[in-house]
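Report on the following structure.
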Amino acid sequence: MSSIRPLIPLLVAAGILLGGNGLQGTLIALRGAQEGFSPAVIGFMGTAYFGGFLLGCLAITAIMKSVGHVRSFSALAAIASAGTLMLILVIDPVMWSAIRFATGFCFAGLFTIMESWLNSGVRNEDRARVLAIYRMVDIGAVTGSQFLIPIFGADGFTIFAIMSIMITVSLVPVSLGDRSNPAPPENVKLDLGRAWRISPLAAIGCIAVGVTNSAFRTLSPVYAEQIGMSVTDVVTFVSVGIIGGAMIQYPLGYLSDRRDRRMVLLATTGCAMVAALALAFLAGSNPLANFIIVFVFGSFAMPLYSLSAAHANDRADKGEFVLVNAALMLFYSFGAIGGPLIASTVMQRLGPSWLFVFSAVVYAVFILIIVYRMGARPGVPARSRSRFIALLRTSTVFARLARRNGDGDKVE
């Protein structure tokens, strides 16, 4: 534990940032609906966020090399905090979209800096423990912060001020709690072609998950609000879906280590599709029914990214773990840019439940691709499979933090 103690300030800052980012995503959808923004406009804001996020992932390493970890973190946190206050000062869909783009850029950079810093400070023997703590911080912060909305309300200035405070306070542990000055990370090699050749199925899977998960994260508050849920029920609905994915991810990963990974991926996608259809056609406006079914939906929808990545890692050469997973996160980002915009357009024309019909259609297409790939290529023998690792989609640097001993990747 003593070896992890110096990383505690960084983990605290990560928790504050993860919570603030998760809170902002839900609040934007709720407050936007209250202001009369259409689902298509709210969906475009989600697209803007993920567009900024993708650009931030690509640009942050150069920024860090230019001014270092602390200055980069301070500048991005200041922009994100100011942008949060601008959301309440100027309530306009064009301005909000621009702010969400800037916020996506900032949070991509902030998470990259945080994870690069953690990677430079963690010993290989502590890597699994730090990852587990980071996962708990992620889930706890994102779900817990949601309930600030019903406490303070979505219709006033207070909740926006709290978000701004959270982002600003994250500077304190970063500035005072760690006196190390790690070297900026090497540029993440982004060979999308190599990742596709290693596993077209994994690349397509990450795009599909990007489409569906980003649509859920951006528009599920709109769905819940439009079917008549209270603010408390809306945030509960979002949180239950996230918790479901966190609880079931490791059992699914354990099973996939011992069976043909594609069979587990096929079954998990099928269950996510059935749950999505149940939300669309069976849950109705009953909050309890929606909570139960969205828990099932999240349990199978959220782990699909990590299962797809694990399948790619099974086929990658030794030392390609970082390359593959950085590329897969970009594939995810490509899907995430389009998902909210397409899903919101469908919702606006056909009704809120079509958010999940849209997701079910994407899963159905992915199922067909899985079946085709299973016939086109033999499975990976059990002795050659890599160990499943639950991956966050916070930055391309996360792959370095999560890399396995013996991968041969350079340690910054």
Side-chain angles (χ1 to χ4, degrees), residues 29 38-47 50 199-224 226-227 237-238 241-242 244-245 248 252 262-285 289-290 292-308 311 328 331-376 393:
S38 68
V41 168
I42 295 172
F44 180 76
M45 291 176 191
T47 289
F50 287 107
S199 178
L201 176 61
I204 294 170
C206 290
I207 294 171
V209 175
V211 170
T212 55
N213 282 11
S214 65
F216 174 80
R217 194 65 191 86
T218 302
L219 297 166
S220 58
V222 178
Y223 160 84
Q226 288 192 350
I227 66 171
F237 180 80
V238 174
I242 297 171
I248 308 298
L252 285 173
R262 296 172 301 179
M263 287 297 298
V264 177
L265 193 58
L266 178 64
T268 303
T269 306
C271 291
M273 181 183 71
V274 171
L277 291 173
L279 280 166
F281 297 113
L282 299 179
S285 58
N290 275 277
I292 293 171
I293 300 175
V294 81
F295 178 86
V296 177
F297 173 78
S299 296
F300 294 105
M302 303 303 168
L304 287 174
Y305 177 85
S306 294
L307 288 171
S308 297
H311 175 64
L328 292 179
F331 282 123
Y332 171 89
S333 298
F334 296 150
I337 290 172
L341 185 60
I342 300 170
S344 63
T345 302
V346 173
M347 285 179 69
Q348 184 162 318
R349 293 183 178 181
L350 300 174
S353 63
W354 278 79
L355 167 63
F356 296 103
V357 176
F358 167 77
S359 296
V361 170
V362 175
Y363 294 136
V365 173
F366 186 41
I367 286 171
L368 294 176
I369 294 171
I370 296 172
V371 172
Y372 168 75
R373 293 300 303 172
M374 289 178 70
R393 298 170 296 282

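Excluded from the calculations below are hydrogen atoms, water molecules and symmetry mates; all remaining heavy atoms, backbone and side chain alike, are included.
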Heavy-atom check, side chain of I227 versus side chain of N290, under 4.5 Å: yes

Side chains of F358 and V211 in contact at under 4.5 Å (non-hydrogen atoms): yes

Flag side-chain contact, heavy atom, 4.5 Å: T268 against L307: yes

Audit row: V346, L355, side chain to side chain contact (heavy atoms under 4.5 Å, CB included) steps and yes/no: CA-CA 7 Å; V346 173; L355 167 63; over 6 Å; no

Distance, nearest 0.5 Å, that separates CG of L266 from CG of L201: 10.0 Å

By side-chain hydrogen bond (donor to acceptor under 3.5 Å, both in side chains) - contacts of Q348 (at least two apart): S38

Side chain proximity check, P39 to Q226, heavy atoms < 4.5 angstrom: yes

Within-4.5 Å side-chain heavy-atom neighbours: P221 and V238: yes

Rounded distance (nearest 0.5 Å) linking atom CG of L219 with atom CZ of F356: 9.5 Å

Partners passing salt bridge (charged side-chain N to carboxylate O under 4.0 Å, His left out) against R262 (at least two apart in sequence or in another chain): D260

Under the ring-ring contact (aromatic ring centres under 6.0 Å, His included) test, residues paired with F300 that sit two or more places apart: none

For the student: nearest non-hydrogen atoms of P303 and G298, plus distance: CD-O, 3.7 Å

Heavy atoms from other residues, nucleotides or ligands near CZ of F44 exceed 12 (cutoff 6.0 Å): no

CD1 on I369 to CG on L265, rounded to 0.5 Å: 11.0 Å

Spacing of F216 atom CZ and T218 atom OG1 [to the nearest 0.5 Å]: 10.5 Å

Check: M263 and I370 side chains under 4.5 Å, non-hydrogen atoms: no

Euclidean distance, I207 CD1 relative to S333 OG, rounded to 0.5 Å: 10.5 Å

Interatomic distance, L328 atom CG to S308 atom OG [nearest 0.5 angstrom]: 8.0 Å

Residue list, side-chain hydrogen bond (donor to acceptor under 3.5 Å, both in side chains) with S359, at least two apart or on another chain: none

Contact summary for M302 and G245, nearest pair of heavy atoms: CB-CA, 3.7 Å

For A301, side-chain contact (heavy atoms from CB on, under 4.5 Å) partners two or more places apart: N213, A272, F297, Y363

Test ring-ring contact (aromatic ring centres under 6.0 Å, His included) applied to F237 - qualifying residues, sequence neighbours left out: Y223

